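This report concerns only the one structure given below.
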There are 2 protein chains.
Amino acid sequence: MPDRSRYHHGALRDALVDAGEALARAEGLEGVTVRRIAAACGVSAAAVYRHFPSGDHLIAAVAQRAREIMARDMFARLDAAVDKPPIDRLREVGESYIAFALAEPRLFSLVSMPMTTPPDRPDDPNAADLVRDIVLELEPPGAVDEQRVASRMMLAQASAHGLAVILRDFVPDPQARAMLIAGVLDRVGVGLEA
Amino acid sequence: MPDRSRYHHGALRDALVDAGEALARAEGLEGVTVRRIAAACGVSAAAVYRHFPSGDHLIAAVAQRAREIMARDMFARLDAAVDKPPIDRLREVGESYIAFALAEPRLFSLVSMPMTTPPDRPDDPNAADLVRDIVLELEPPGAVDEQRVASRMMLAQASAHGLAVILRDFVPDPQARAMLIAGVLDRVGVGLEA
DNA sequence: GCATCGATGTGTACACTGTCAACATGCCGG
DNA sequence: CCGGCATGTTGACAGTGTACACATCGATGC
């Protein structure tokens, strides 16, 4: 909560992203607006432009934040699954992705936006790198077939993303969701090992 | 091209959807705006509301139009593949979906919008029904396992949609796209038959 | 043939959006 | 202490969706 007796905010950039995240959680993309984010920080809309070249860049920063939140859950799950075989860890990642999409559907719509802005820290491990590392473990030692790696990565990412979106938009029932997640991920597992 | 000497347009609703389609093709969702669509028809913005309860309904109608265009290609491909086994026809559908997404990326962003409005003709066969019919052929005669059908449908739809989106947003190179489509659809085929 | 009525289009207005230019404030280093 | 610069404000402009009152026209009943 910013002290509005002060003319200068102090840490506005982070506060803007925080407010954007909250707004996105509550109302989805429609509600995430430069003016409303600024108002939530007790600041004028123009102040945003001291920290972001455009409103889209602010949205992109919120999206990046959302990706980091999602990544945290993925890493937590993977830490608890270090002993499992790669195929099971891939499933953990997929389940995490889908669970996030269904738990925070509006935030997720930011996650799945194409990245218009380079991430603040490009070295940060993102979901794609994560998947790649695990997929590499499926390769026979010393003989990495890049094309096989790529198609496996794509299958893993595409099916998780597609499933998340379809369940979010068209399957409201939680039980049906759980059934479909299990059934589809089983089949994806078979396709991944082929 | 409407005759602007007449006060009344005559077939404004269809003209609006046509203009919306053209605008979506050219500029994507951002360019699809009530006022610009109306202007393209030589009509005031308020006239739109005689035919659609809201601008979103107009957008939804354009999206429905886009789905019909996509469906036409699917049916054409299926007509040319009636003799192939179900798994191959499923692949045709998936390839059609992905090809449309990559050929008309902006129109495709409308296709993949959640349907906010019921389709004009709910009996029109949509992509989901199409997939279901083919998936049913994979079932052993007389013993349809609904859960297996559902998970196969979902895998088919989710992987095609996810792959389309990821390729569109992150893989510009046509050759890489073709490689990935082939590789992923091969694996999806394996998963579908499991 | 003519009046009237409903369907359809126009004009104007309001609240909201992103963005910019000009101005105000206050913190930090010389 | 004071000047400069980062950071904030105000006000404006164009563009958005949408509602209300009004205009126009085609068809329908007499």
Side-chain angles (χ1 to χ4, degrees), chain A residues 1-24 26-63 106 109-110 113-114 116-117 120, chain B residues 1-24 26-63 106 109-110 113-114 116-117 120:
Chain A
M1 215 50 53
D3 180 355
R4 289 314 302 117
S5 61
R6 288 183 307 180
Y7 185 95
H8 286 72
H9 182 286
L12 185 51
R13 202 201 130 100
D14 287 345
L16 289 171
V17 178
D18 288 348
E21 180 193 329
L23 222 41
E27 312 191 25
L29 262 175
E30 306 292 298
V32 180
T33 209
V34 171
R35 290 178 123 102
R36 294 190 55 186
I37 293 179
C41 296
V43 129
S44 76
V48 168
Y49 293 84
R50 300 296 174 189
H51 300 270
F52 298 93
S54 85
D56 284 340
H57 285 75
L58 169 52
I59 310 274
V62 178
R106 301 180 234 262
S109 62
L110 297 202
M113 265 181 5
T116 60
T117 262
D120 298 340
Chain B
M1 211 51 52
D3 180 356
R4 289 314 301 119
S5 61
R6 288 183 307 179
Y7 185 95
H8 286 73
H9 182 287
L12 185 52
R13 202 200 131 101
D14 286 346
L16 289 170
V17 177
D18 287 348
E21 181 192 329
L23 222 41
E27 311 191 25
L29 262 175
E30 305 291 300
V32 181
T33 209
V34 170
R35 291 176 122 104
R36 294 190 54 187
I37 291 179
C41 295
V43 128
S44 76
V48 169
Y49 293 85
R50 299 295 173 187
H51 299 272
F52 298 94
S54 86
D56 284 341
H57 285 75
L58 169 52
I59 311 274
V62 178
R106 301 179 235 262
S109 62
L110 297 201
M113 267 182 4
T116 59
T117 261
D120 297 339

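Chain naming here is simple, since letters A, B, ... match the order of the sequence lines and numbering starts at 1 in each. What you see is a predicted model; the values in this text were computed from it and never measured.
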The residue among B:Val32, B:Val34, B:Val17 that forms side chain to side chain contact (heavy atoms under 4.5 Å, CB included) with B:Ile59 is B:Val32
What's the CD1-P distance between A:Ile59 and C:dT19, to the nearest Å? 9 Å
If you round to the nearest 0.5 Å, how far is CG of A:Leu16 from CZ of A:Arg50? 13.5 Å
Side-chain N or O of A:His51 closer than 4.0 Å to phosphate OP1/OP2 of D:dA6: no
Can you tell me if B:Ser54 uses its side chain to pair, donor with acceptor, with the backbone of B:Asp56 under 3.5 Å? yes
Terminal helix-axis angle for the helix from C:dG1-D:dC30 to C:dG30-D:dC1, with five pairs defining each axis and rounding to 10 degrees: 10°
Using atom CG of A:Leu12 as one end and atom C1' of D:dA6 as the other, report the distance to the nearest whole Å. 12 Å
Whole angstrom is fine here: how far is it from CZ in A:Arg13 over to C1' in D:dA6? 15 Å
Kindly state which residues belonging to residues 28-35 of chain A come within less than 4.0 angstrom of DNA chain C, counting heavy atoms of the residue only, listed by number. A:Thr33, A:Val34, A:Arg35
Closest non-hydrogen contact found for A:Ala24 with A:Arg106 is O-CB, 3.1 Å
All heavy atoms of A:Phe52 vs all of A:Ala61, minimum pair found to be CE2-CB, 3.7 Å
Would you compute the distance between atom CG of A:Leu29 and atom CG of A:Leu23 and round it to the nearest 0.5 angstrom? 10.5 Å
Take B:Ala47 and A:Pro53, find for each the nucleotide of DNA chain C with the closest heavy atom, and name the residue whose nucleotide sits nearer the 5' end. B:Ala47
Without decimals, in angstroms, what is the distance between B:Tyr49 OH and D:dA21 P? 17 Å
Side-chain contact test, heavy atoms from C-beta onward, threshold under 4.5 Å: evaluate it for A:Val48 versus A:Ile37 and give yes or no. no
For A:Ala46 and A:Arg36, find the nucleotide of DNA chain C closest to each by heavy atoms; which residue's nucleotide sits nearer the 5' end? A:Arg36
Report the distance from atom CZ of B:Arg50 to atom C1' of D:dA19, rounded to the nearest whole Å. 10 Å
Figure out the CD/P separation between A:Glu27 and C:dC16, and round it to whole Å. 13 Å
Which distance, rounded to the nearest 0.5 Å, do you find between the CD of A:Glu21 and the CG of A:Asp14? 11.5 Å
Below 4.5 Å, heavy atoms only, C-beta onward: do B:Leu12 and B:Val43 meet side chain to side chain? yes
Expressed in angstrom and rounded to an integer, what is the separation of B:Phe52 atom CZ from D:dT18 atom P? 13 Å
Of all the nucleotides listed (D:dT18, C:dT10, D:dT9), which has the minimum atom distance to the side chain of B:Ser44? C:dT10
